[in-house]
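These notes concern the structure reproduced below.
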Amino acid sequence: MSSLSPRSFLVTETIDLLLYISKTKSFTETSRLMGLSQSMVSRKLSAFEATTGITAVDRSSRPVKLTPEGKMLLEALMPYIEGLPVVLDKLQTDSNIKRKLRIGFVDTFTRYIACHVIKDVSSDVTQCTALSGTSDHLLHCFKRDELDVFITSDPSLGLEDVRRQFFYGEPSLLAYPASVQFPESNIDWPHLRFCGLPYIGLTTGSGGGKLFDNFLLTHNIPIHQRINVDSSAVLLELINEGMGWAITRPAGIDDPER
């Protein structure tokens, strides 16, 4: 019998450590996801192995991987790992226990949508924390366990073991300075490319930026001049100042008069 009790084992971060190593095959990436230094991750693993007498990770391989014993241990723990959140959620729901909620909004949704979402959930939580930013920033926060849920415009996020829910769809809009003279209808890509002003786009760190860049690439539409920003507010201000044109969405326009 191991001297390590089930209780002392479960309160350590060893389970998360083994899970991350099995997925990332990297101490560097595991330490980043756990929010710990690489030396701290190594010490925690060494302490676990010294206490149990089990070598759980093969450090000599590249990339690193779990040993057969480490895999057996993780497989034995998986039913508890997967079932515990469900049990806790049911217990909290049945007992009417209010929980904390950490929610992220892609910046184009923040002004008009975040307020309504927070208002709707406020009666069901004891504390609500709302973060905003680009899709990549929110994904980073989610991986570091700083968010419970986030709304993104990037459908291609490489995430496993998460639940996804379609929120809503919206059309794309052409936004350009009032000083630019376009035909009243049938504006085409040559009109935009040769209007004398650069295209103002969101960086690829944003979901909208990735979607539009993929559209341009798929349809082989070259853009000769370009300004990249990471904020819809800055994008609209540049258009308002006559600096360029953009493809945006209704949720990203915070001033209908612009």
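When reading the values below, keep in mind they use all heavy atoms of this one structure, side chains included, and skip hydrogens, waters and symmetry mates. Note that the numbering runs from 1 along the sequence shown for the chain.
Once rounded to the nearest 0.5 Å, the distance linking NE2 of H191 with CG of D188 reads 5.0 Å. Between the CD1 atom in I227 and the CE atom in M243 there is a gap of 5.0 Å [rounded to 0.5 Å]. Here S26 contributes atom OG and R62 contributes atom CZ; the two are 9.5 Å apart, rounded to the nearest 0.5 Å. Residue R59 holds its CZ atom at 5.5 Å from OG of S42, rounded to the nearest 0.5 Å. Rounded to the nearest 0.5 angstrom, H140 NE2 and L147 CG are separated by 10.5 Å. With values rounded to the nearest 0.5 angstrom, L235 atom CG is found 10.0 Å from N228 atom CG.
The shortest non-hydrogen separation linking S132 to H137 is O-CD2, 3.8 Å. What you find for P177 and G242 is that their closest heavy atoms are CG-CA, 3.6 Å. Residue T67 comes nearest to V57 through the heavy atom pair CG2-C, 3.6 Å, listed as atom of the first residue, atom of the second, then distance. Nearest heavy atom pair, residue A56 against residue F48, reads CB-CE2, 4.3 Å. The minimum heavy-atom distance between L197 and G244, with the atom names listed, is CB-CA, 3.9 Å. In this structure, I223 and R193 approach most closely via the heavy-atom pair CD1-CG, 4.4 Å.
A salt bridge is absent between K71 and D58: the closest approach of a Lys/Arg side-chain nitrogen to an acidic carboxylate oxygen does not fall below 4.0 angstrom.
Using a 4.5 Å heavy-atom cutoff, the side chains of I151 and L138 are not in contact. Counting only heavy atoms from C-beta outward, the side chains of V229 and L202 approach each other to under 4.5 Å. A 4.5 Å side-chain heavy-atom check between Y20 and V41 finds every atom pair outside the cut-off. You'll find the side chain of I21 reaches within 4.5 Å of the side chain of F27, heavy atoms only. The shortest distance between side-chain heavy atoms of F105 and F150 does not fall below 4.5 Å. Looking only at side-chain heavy atoms (C-beta outward), L174 and L192 come within less than 4.5 Å of each other.
Taking hydrophobic clusters as Ile, Leu, Val, Met, Phe, Trp and Tyr residues chained together by side-chain heavy-atom distances below 4.5 Å, F142 shares a cluster with V117. Put simply, W245 and I187 are part of the same group of oily side chains (I, L, V, M, F, W, Y) that touch within less than 4.5 Å, one to the next. The hydrophobic cluster containing I118 does not contain V125, counting ILVMFWY residues as joined when their side-chain heavy atoms lie under 4.5 angstrom apart, directly or transitively. When hydrophobic clusters are built by joining Ile, Leu, Val, Met, Phe, Trp and Tyr residues whose side-chain heavy atoms come closer than 4.5 Å, directly or via intermediates, M72 is not grouped with L17.
For T24 (side chain) and E29 (main-chain N/O), no donor-acceptor pair under 3.5 Å exists by modelled atom type. With R226 contributing its side chain and G201 its backbone, the two residues share no donor-acceptor pair below 3.5 Å. Distance alone, capped at 3.5 Å, places no donor-acceptor pair between the R102 side chain and the L131 backbone.
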- Task: Walk me through it: do T28 and Q38 pass the test side-chain hydrogen bond (donor to acceptor under 3.5 Å, both in side chains)?
- Result: CA-CA 6 Å; T28 301; Q38 194 166 334; 3.2 Å; yes
